[in-house]
Asker: 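Here it is: the structure, laid out below.
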Amino acid sequence: MAVLELEGDVATAAPVGRQRRVGVLFIGSVAWIAVIGLAAIFAGWLPIQSPTDMDLLAKRAPLFSPGHILGTDHLGRDELSRLIYGGRVSLLVGLLAPVIGVIIGGCLGMVAGYFRGRLETFAVGGVDVLLAFPPLVFVLAVTAFMGQSVANITIVIGVLGIPAFTRVARAVTLTLSEREFVTAARALGATHSRILIRELLPNVALPLLAFFLLAVAVTIVVEGALSFLGLGVPPPTASWGSMIGEGRENLDIAPWLAFLPAGFMFLTVLAFNVIGDTLRALTDPRPGAL
Amino acid sequence: MSALLSVRNLVVEYAIGGKTLSAVADVSLEVGKGETLGLVGESGCGKSTLGRAVLQLRRPTAGKVVFDGTELTGLDAEKMRLMRRRLQLIFQDPIASLNPRRCIGDIVAEPLIITGITDKAERDRRVREVLTAVGLDADLVTGRLPHEFSGGQCQRICIARALILEPELVICDEPVSALDVSIRAQILNLLEDMKRRYGLTLLFIAHDLAVVKAVSDRIAVMYLGKLCEVGPTEKLFAQPAHPYTALLLEAIPVPDPSVKPAANVPIGEPPSPIDPPSGCRFRTRCPRADAVCAEVVPPLEEIADGQFAACHHPLSAR
Amino acid sequence: MSAPLLSVEGITVDLPTPRGPLRAVDGVDLTLAPGSTLGIVGESGCGKTMLSRAVLQLLPKRAKLGGRILFAGRDLVTLPAEELRRLRGPELAVVFQDPMTSLNPVLTIGTQIVETLQAHLGMDTAAATRRGVELLAAVGIPAPEQRLRQYPHQLSGGMRQRVAIAIALSCEPKLLIADEPTTALDVTVQAQILDLLAREQQRRHMALILITHDLGVVAGRTDEVAVMYAGRVVERAPTPRLFTRMRMPYTEALLAAIPKLDSPPHTPLPAIAGRPPDQTRPLKGCSFEPRCRYADERCRAAKPPLADPERLGGLFACWHPL
Amino acid sequence: MTKFVGRRLVYLLPVLLAVTLLTFLVASLLPGDLATTILGDQATPEKVAALRAQMGLDLPIWQRYGIWLWDVLHGDLGRSFRTGETVWAAVTARLPVSLELMVSGVVLALVIAIPLAILCAVKSGTALDRFFTGLAFGKLSLPNYMVAILLIYLFAVELNWLPATGWVPFHEDPLANLKSFILPAVTIAFAEWPVLMRVLRSDMIATLQEDYIAMAKAKGLRPARILLVHALKPSSLTLVTVAGINIGRLIGGALIVETIFALPGIGRLLVGAIYARDFIILQGVVLFVAIGFVMVNFIVDMLYAVLDPRIRHGRA
């Protein structure tokens with residue numbers, strides 16, 4: 001009673017004011033992702049050159065060269081075209097890999113957080129094992145075994161994301177399960193599956209979605225890192241990471257070859273981070289730790 | 001009056017860090033059909049655990065819970081699930097007991113869906129009916145989310161949800177202690193109205209003796225997992241038999257400056273239920289305790305007509 | 001009557017909310033003589049906690065404060081931070097509602113007492129520790145030497161609140177503000193803590209502001225009571241007078257809504273209909289008007305001032321006093 | 001307390017076992033036969049079979065795992081078939097590099113993050129806070145391979161102040177060692193500080209709203225004491241967790257940084273082992289890294305108990 005008066009009133013009010021403050025950055029982020037996304041989808045129809053055609057006479061053409069607005073790389077391939085096709089890979093992997101994490105990790109975390117007991121110990125233990133295991137070994141083993149392809153990269157990164165999603169889902173479910181509305185549902189005779197789906201899922205979904213967007217950002221970075229190391233999508237397919245890696249070799253003569261893809265990736269990752277963070281702030285001020 | 005609910009030798013234990021905590025230690029009580037039994041005690045005395053154990057939300061370690069002739073502790077999960085429509089629960093925190101992401105119409109209709117009433121029109125009709133009964137305007141309420149309502153209104157919604165299946169027994173677990181004085185009176189009056197209208201039997205759990213008195217026919221006083229005293233409300237207030245009941249009554253601040261604050265307040269605080277005192281559990285704070293109290297657990301015995309106390313030195317026998 | 005120790009003049013507190021500013025405290029005046037006890041009573045959201053936080057200068061950062069708070073002749077609102085810091089402890093102290101949250105969970109009881117003594121009285125650790133033991137003993141804590149080494153979670157609720165009181169009393173303050181000091185405690189412990197506060201207050205001739213939602217708590221233990229509703233003091237009178245001859249319909253209704261120990265079971269309670277107004281949308285007239293059974297046009301048109309038109313020593317804000 | 005330590009240790013053991021088992025499974029998934037790899041493509045099937053039998057490769061996987069585990073428990077981690085180097089020697093040779101990188105990077109990150117976090121928490125909502133949180137947020141979107149390239153471009157290519165790649169052992173030339181470590185350590189610190197700062201800042205803001213901070217102010221304590229004693233300690237639990245996880249990860253070597261700056265650390269040893277199908281080294285290094293990770297987590301748990309007496313007394 002009278003516990004922190006006023007706080008209640010403030011908390012019950014819908015967060016109307018917060019959206020406006022975040023406005024410009026948020027809209028800019030959405031716009032950037034829309035542009036990159038559309039370009040990636042319709043890359044085949046755009047009036048650009050092929051990303052793999054080499055123009056060996058025009059190697060490392062500078063910016064704004066005729067025919068190559070953003071220049072060419074060390075093999076004379078059109079930089080703009082490679083950026084767009086590279087975005088395709090980044091976005092594809094970035095959006096699909098976390099889906100694996102969110103589905104498996106989300107289910108695992110919710111079930112662990114709701115049923116507790118041995119199931120939870122098992123899930124938490126599994127997460128700890130996966131975290132203690134050097135992720136790179138896993139990536140290398142899988143790509144070595146199944147081959148370097150976009151699908152395999154996606155699966156590997158997706159699986160590596162499961163622990164994080166499990167943790168978030170479990171933390172949120174754990175606090176929610178102690179709330180009385182869950183006990184109320186049990187007292188009404190609701191089945192476990194009904195409680196999980198009707199009572200818990202709507203509350204877990206938003207924090208998970210916010211985390212999903214942050215995971216997209218992380219995935220793009222990780223995919224880039226793999227490609228940068230030459231472990232990602234095999235050449236000659238363009239990827240931002242591999243472009244940065246190739247650009248590094250020419251840092252002294254053509255620094256833009258590294259900085260252009262780096263800039264594209266930075267903006268994209270930043271945009272996903274902004275959207276995810278905005279969503280997180282709007283749904284839950286303090287979700288489970290990453 | 002026949003007993004609708006009968007609790008026999010109920011024990012509920014928790015395991016805490018390798019130790020056992022008996023939150024409810026051998027409690028027996030009966031609630032007659034149409035009766036309101038008030039269950040009072042300080043925090044940690046096990047009153048809420050008892051309420052949840054009756055509903056099998058927390059499975060008892062030992063003892064029986066018989067509801068209308070059916071032994072609930074022996075039921076399997078599915079049978080118990082079907083039994084739940086006859087027993088309902090109202091919580092202390094009305095806002096936390098409503099799912100923040102579902103609209104009120106859905107929340108109140110949920111029991112009907114769980115019971116398998118598939119006719120949408122029928123569900124809507126019953127939701128309207130029960131919302132109107134608890135004093136809410138169904139048209140304004142059903143489409144909105146819980147955070148748009150105050151604590152008192154949320155408690156009305158919770159009551160509506162509990163009553164929509166027309167249960168026989170409702171366990172109210174501190175239903176008004178999160179509410180302000182002015183709202184508290186509204187909800188207490190509403191519960192009394194609903195009891196009459198739906199012919200309910202209530203187990204009313206609270207820490208506030210005055211609140212319990214306002215609604216109960218009989219009162220049971222709990223201390224550290226055990227019952228101290230059970231008796232008809234008026235009698236228990238006029239002539240408490242157990243020293244704990246007496247001290248509890250004296251400790252309540254009365255809103256009247258001419259009544260001086262009690263001189264003999266119970267000393268100290270309740271001991272930990274992990275390691276309760278031997279014999280009578282209240283003896284460490286009791287002014288009348290002697291050697292017997294430390295040795296022998298006092299049984300709950302009839303002191304006067306309908307009034308039971310678990311004390312070696314009951315007050316009315318002075 | 002001696003010069004007031006505390007004099008609050010026209011305090012307003014505005015809190016920003018998404019729906020616009022919320023006037024939590026709306027023009028409150030109070031005076032308190034040294035050594036006297038004032039009870040502030042009201043339901044949640046009435047502004048009693050914000051008022052106390054304003055006096056303590058502990059308002060949330062985004063809150064806007066208006067008015068003057070004169071404490072022993074100095075205006076706390078404009079006082080420089082360093083001077084305010086030196087005032088807190090030796091002159092002005094507070095006990096919060098929940099000792100579980102008001103004591104630092106990661107520091108020992110000893111640290112939390114000793115640091116206060118060291119900050120203000122310049123004691124060395126040994127002397128401060130000795131004094132800490134005395135203080136804990138004075139507030140009725142058994143085995144105080146051992147308690148000094150313990151952490152708050154190792155103590156029961158009542159013991160924790162005794163520790164909080166010992167800390168508040170450590171530098172002999174002239175004014176103690178107790179904000180719902182017993183709400184988080186059981187009724188048998190509540191009585192003990194209230195007795196302790198009363199005893200220490202008398203012994204130290206300290207002024208006390210006792211904030212509570214429970215009229216029962218203030219009835220036997222205060223000299224004067226102020227009843228708050230929707231950010232304003234609506235009635236203020238010497239305690240016996242308030243309970244015997246209340247003038248404000250809200251006070252009457254609040255008292256009537258409390259279940260009585262002496263009325264038989266199943267007596268319908270005279271509840272106050274409706275709920276407190278939305279303080280982001282202040283009413284033009286009396287805030288209690290929508291729930292008041294005596295209300296008429298005049299109540300809707302203008303706010304009644306807090307006044308004592310009958311010169312009987314009790315102030316009330318009502319056009320139609322009882 | 002001892003009970004608490006014991007309980008954690010009992011939990012860690014199965015985790016360690018599971019990690020090694022997982023390594024074994026993953027490693028056995030790697031294509032190519034070890035015996036064939038050693039003997040080359042021209043070897044006769046008989047020779048290969050003989051070697052397989054000699055190496056125990058024809059045994060079922062769980063048996064091989066058991067034998068390996070038995071050896072490990074007896075201190076024998078094995079020897080690379082390729083270089084003849086023992087796992088122990090290979091790891092201890094690379095470890096100083098990875099450790100130096102990790103410690104300098106993380107310490108630098110903490111030195112940046114903690115004061116900034118406190119400052120931003122105290123001034124939360126002001127332009128100063130928005131500037132630094134914005135900066136941290138932007139940095140979060142900048143992968144460390146980009147940072148590394150930027151740093152190399154600026155300090156090695158353009159300014160030519162520091163070497164772009166390479167590593168000099170400390171005992172050979174301390175100054176050159178320091179120089180070779182500045183850019184990699186700064187890269188690591190750059191990657192870590194925004195995470196650490198954001199975590200501490202948000203916890204600190206929450207703590208500053210606690211009643212006990214209001215109480216500390218009401219007691220008239222000095223602001224420095226309130227911040228550093230009353231607020232920082234209870235706010236640092238998440239910081240310790242996150243720092244712990246990241247340190248645990250870095251024990252496995254900051255692979256990207258090691259690659260870009262050509263530092264001979266654990267990460268590159270691991271990659272090399274995978275490429276060469278050097279199963280024994282891989283096993284050993286993974287075990288080593290996992291133990292390191294688990295140990296760091298264990299230390300984090302212990303730190304929790306030190307920081308928060310409630311956990312110490314088993315009331316988590």
Side-chain angles (χ1 to χ4, degrees), chain A residues 1-18 110 114-118 121 172-210 279 282-285 287, chain B residues 48 51-52 54-58 77-102 106-107 110-116 145-151 154 158 161-162 164-165 167 170-171 173-174 176-181 183-184 208:
Chain A
M1 186 178 315
V3 188
L4 283 180
E5 44 181 293
L6 292 171
E7 295 303 300
D9 278 9
V10 178
T12 51
V16 189
R18 259 190 273 180
M110 276 182 72
Y114 176 67
F115 288 107
R116 312 289 315 266
R118 216 168 277 166
T121 318
V172 178
T173 311
L174 215 57
T175 44
L176 285 170
S177 295
E178 278 164 24
R179 291 276 291 276
E180 278 152 347
F181 70 84
V182 175
T183 317
R186 283 179 60 206
L188 288 169
T191 53
H192 289 312
S193 56
R194 190 169 174 86
I195 292 175
L196 278 167
I197 293 166
R198 299 288 294 177
E199 306 290 343
L200 292 171
L201 189 60
N203 289 288
V204 180
L206 269 167
L208 269 190
L209 179 66
L279 209 65
L282 289 180
T283 52
D284 194 343
Chain B
S48 287
R52 274 155 213 244
V54 166
L55 291 177
Q56 307 296 310
L57 290 172
R58 160 118 225 145
E78 186 55 23
K79 288 217 179 78
M80 186 61 220
R81 207 174 68 74
L82 295 173
M83 186 60 100
R84 293 201 187 281
R85 68 196 56 168
R86 300 174 65 191
L87 305 121
Q88 280 304 316
L89 179 61
I90 296 168
F91 297 89
Q92 170 170 359
D93 184 345
I95 295 165
S97 57
L98 300 176
N99 190 334
R101 300 219 187 272
R102 300 186 71 186
D106 275 358
I107 290 173
E110 179 78 10
L112 298 175
I113 299 170
I114 290 170
T115 338
L145 292 171
H147 72 77
E148 297 175 59
F149 297 92
S150 67
C154 282
C158 291
R161 172 176 61 184
I164 195 162
L165 291 175
V170 177
I171 295 181
D173 187 2
E174 302 261 12
V176 294
S177 48
L179 305 174
D180 268 314
V181 179
I183 310 297
R184 182 185 296 185
D208 187 333

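Since the model is a prediction, treat every value here as computed from it, not as a measurement. Order of the sequence lines fixes the chain letters, A, B, ..., with proteins taken first and strands second; residue numbering starts at 1 for each chain.
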Asker: Is there side-chain contact between B:E110 and A:R194, with heavy atoms separated by less than 4.5 Å?
Answerer: yes
Asker: Please find the pair of heavy atoms, one from B:R161 and one from A:A184, that lie closest to each other, and give the distance.
Answerer: NH2-CB, 3.4 Å
Asker: By the definition side-chain contact (heavy atoms from CB on, under 4.5 Å), identify the one residue from A:N203, A:L201, A:L200 that meets it with B:R101.
Answerer: A:N203
Asker: Please state whether the side chain, the backbone, both or neither of B:R85 comes within less than 4.5 Å of a heavy atom of chain A.
Answerer: neither
Asker: Give the minimum heavy-atom separation between A:E180 and B:Q92, together with the two atoms involved.
Answerer: OE2-N, 4.5 Å
Asker: Can any side-chain N or O of B:R84 pair as donor or acceptor with the backbone N or O of A:R186 at less than 3.5 Å?
Answerer: yes
Asker: If we only count heavy atoms from C-beta on, is the B:N99 to A:R198 side-chain gap below 4.5 Å?
Answerer: no
Asker: Let's go through B:Q88 and A:L188 carefully: what are the C-alpha distance in whole Å and the side-chain angles of both, what is the deciding distance for side chain to side chain contact (heavy atoms under 4.5 Å, CB included) to 0.1 Å, and is it a yes or a no?
Answerer: CA-CA 7 Å; B:Q88 280 304 316; A:L188 288 169; 3.3 Å; yes
Asker: Would you mind checking which part of B:L57 comes under 4.5 Å of any heavy atom in chain A, side chain (CB onward), backbone (N, CA, C, O), both or neither?
Answerer: both
Asker: Identify the heavy atoms of B:P100 and A:F181 that sit nearest to each other, and give their distance.
Answerer: CD-CE2, 3.6 Å
Asker: Which heavy-atom pair separates A:G189 from B:I114 by the least distance, and what is that distance?
Answerer: O-CG2, 3.4 Å
Asker: Less than 4.5 Å to any heavy atom of chain A: does that hold for the side chain of B:L87, its backbone, both, or neither?
Answerer: backbone
